[in-house]
Amino acid sequence: MSSKTEGQTEQAPVQQVQTEGKALEQAFERFARFSDPAAVAQLDLDASIAAQRELAEVRTSSLGKKSAWAATKKLIGRVGPEERPVVGQLVQEIENKILALADTIELNLKSHIEQERTARESIDVTLPGRRPPYGHRHPITLVRERIEDIFVALGYVIEDGREIETDFYNFTALNIPENHPARGEADTFYTQDGYALRSQTSTVQIHAMQRRGVPIRMIAPGRVFRRDTPDPTHNPMFYQVEGLCVDRGITMAHLKGTVTEFLRRMFGPDTVTRFRPSYFPFTEPSAEFDFSCFKCKGAGCRICKNSGWIELGGSGMVHPNVLRIVGVDPEVYSGFAFGLGIDRMCALMYELDDIRLLFENDVRFLEQFE
Ligand code: DAH
């Protein structure tokens, strides 16, 4: 009588090994094509890495300690001595074949991944470099720097004022009377706590004399603000440059000589300057100055509106009240001051039809200036 239970169909050990061997082959089947390096070469880096990981997983699940194959291998010890060499050899053959396949695939994937990685990281030194987009200085900055260079060469220091001012610096100290229209709500930006955005750079005259004392030679470029509706020639914010020279014995001749020299250096040695009597509260006497048109040399053109002259700024001898308010004795010291608009000068020099272009931050416009 057989020891086996009736009806149980147990496979012969050799058959069992063969069945498990087939299952093993099936488990690795989806990787089989990668034993050909050409098939691996079709994969991109991510797909190769994924295949490598999956292969390792299948290797563990189908050949590892807990796998059906590991259980099958235990048969070798359980079969009779005559069958043992046959079973053992079969197991070995199957396993060698599968391991060889897995190793080849593994190797193919690995070398392809390395290649792809190297290709991705390699630098082609023959490629032209990427040029960083260089910025351009703003046209107002270009003109401001030219003005600064000229005055620094003439022995002036550059002062930086503040843009938010008290009534004292913007008006009172500059001898601007209480009822002057410039103080009106409609002409200036006031803050709710009694400050104002400066409406002129003349404010810096006061700060500079208070801090440095006299004698002094300074220019102060900067932003000023006025309640203006923007149009081609007006903007509520614009740039001015203020000049101040105070010393013993300064006369109107020094003012004329300085402004004339400045304009010659700015617009060429044959530039002619003209002074016209005018009025400013902080200078006495006061004058506005014009210069001969740099384009037509005085003959008359579109830029100078056919007059041959371009109006540029205001100037005069510093009013004794202004000197007194900063503690300078007008009997000992005298000085001249002047102020002009940088934007206006910029618009003239670059022949801009609309001053607002300067503040729209359109790079297509701005990158034209160097
Ligand atoms: N601050 C004046 C303005 O904004 C310009 C000016 C005129 C400045 C005469 C001066 C000067 O220093 O002396 O219109």
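Both counts, for ligands and for their atoms, begin at 1 and track the order of listing. If you're wondering where the values come from, they're calculated on a predicted model, not measured in any experiment.
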Atom 2 (C) of ligand 1 has as its nearest protein heavy atom Q200 OE1, 3.7 Å
Could you pull out, from Y279, F282, F238, the option with a heavy atom nearest to atom 11 (C) of ligand 1? F282
Parallel, tilted or perpendicular: which fits the ring planes of F338 and F336, with parallel below 30° and perpendicular above 60°? parallel
Can a donor-acceptor pair be found, under 3.5 Å and without considering hydrogens, that links the side chain of S67 to the backbone of A70? yes
Donor-acceptor pair, R227 side chain versus E185 backbone, under 3.5 Å? yes
Atoms of ligand 1 close to S202 [distance to a heavy atom under 4.0 angstrom, numbered from 1]: 1 (N), 8 (C)
Using non-hydrogen atoms of the residue, decide whether Q240 is closer than 4.0 angstrom to ligand 1. yes
Candidate with minimal heavy-atom separation from atom 4 (O) of ligand 1, of E284, R226, Q205: R226
Enumerate the atoms of ligand 1 whose separation from the nearest heavy atom of A337 is less than 4.0 angstrom. 12 (O), 13 (O)
At what distance is the nearest protein heavy atom to atom 12 (O) of ligand 1, and which residue and atom is it? E242 OE2, 2.5 Å
Taking the six-membered ring where the residue is Trp, are the ring centres of F291 and F267 under 6.0 Å apart? yes
In this structure, are over 12 heavy atoms from other groups packed under 6.0 Å from R302 atom CZ? no
Nearest protein heavy atom to atom 5 (C) of ligand 1, by residue and atom, and its distance? G339 CA, 4.2 Å
Is the closest side-chain donor-acceptor distance between D231 and T229 under 3.5 Å? no
Take the angle between the ring planes of Y169 and H207 and call it parallel below 30°, perpendicular above 60°, tilted in between. parallel
Taking only heavy atoms of G316, which atoms of ligand 1 are found under 4.0 Å from at least one of them? 13 (O)
Taking only non-hydrogen atoms of T283 and a 4.0 Å limit, the atoms of ligand 1 in range are 13 (O)
Heavy atoms only, cut-off 4.0 Å: how does S315 contact ligand 1, side chain, backbone, both, or neither? backbone
Show the atoms of ligand 1 that are less than 4.0 angstrom away from any heavy atom in G314. 7 (C), 9 (C), 11 (C)
I need the atoms of ligand 1 closer than 4.0 Å to a non-hydrogen atom of F280, numbered in the order shown. 7 (C), 9 (C)
Counting neighbours of CD on Q210 that are heavy atoms of other residues, nucleotides or ligands and sit closer than 6.0 Å, is the number greater than 12? yes
Test ring-ring contact (aromatic ring centres under 6.0 Å, His included) on F369 and Y350; report intermediate values, then the result. CA-CA 9 Å; F369 308 91; Y350 294 118; 4.7 Å; yes
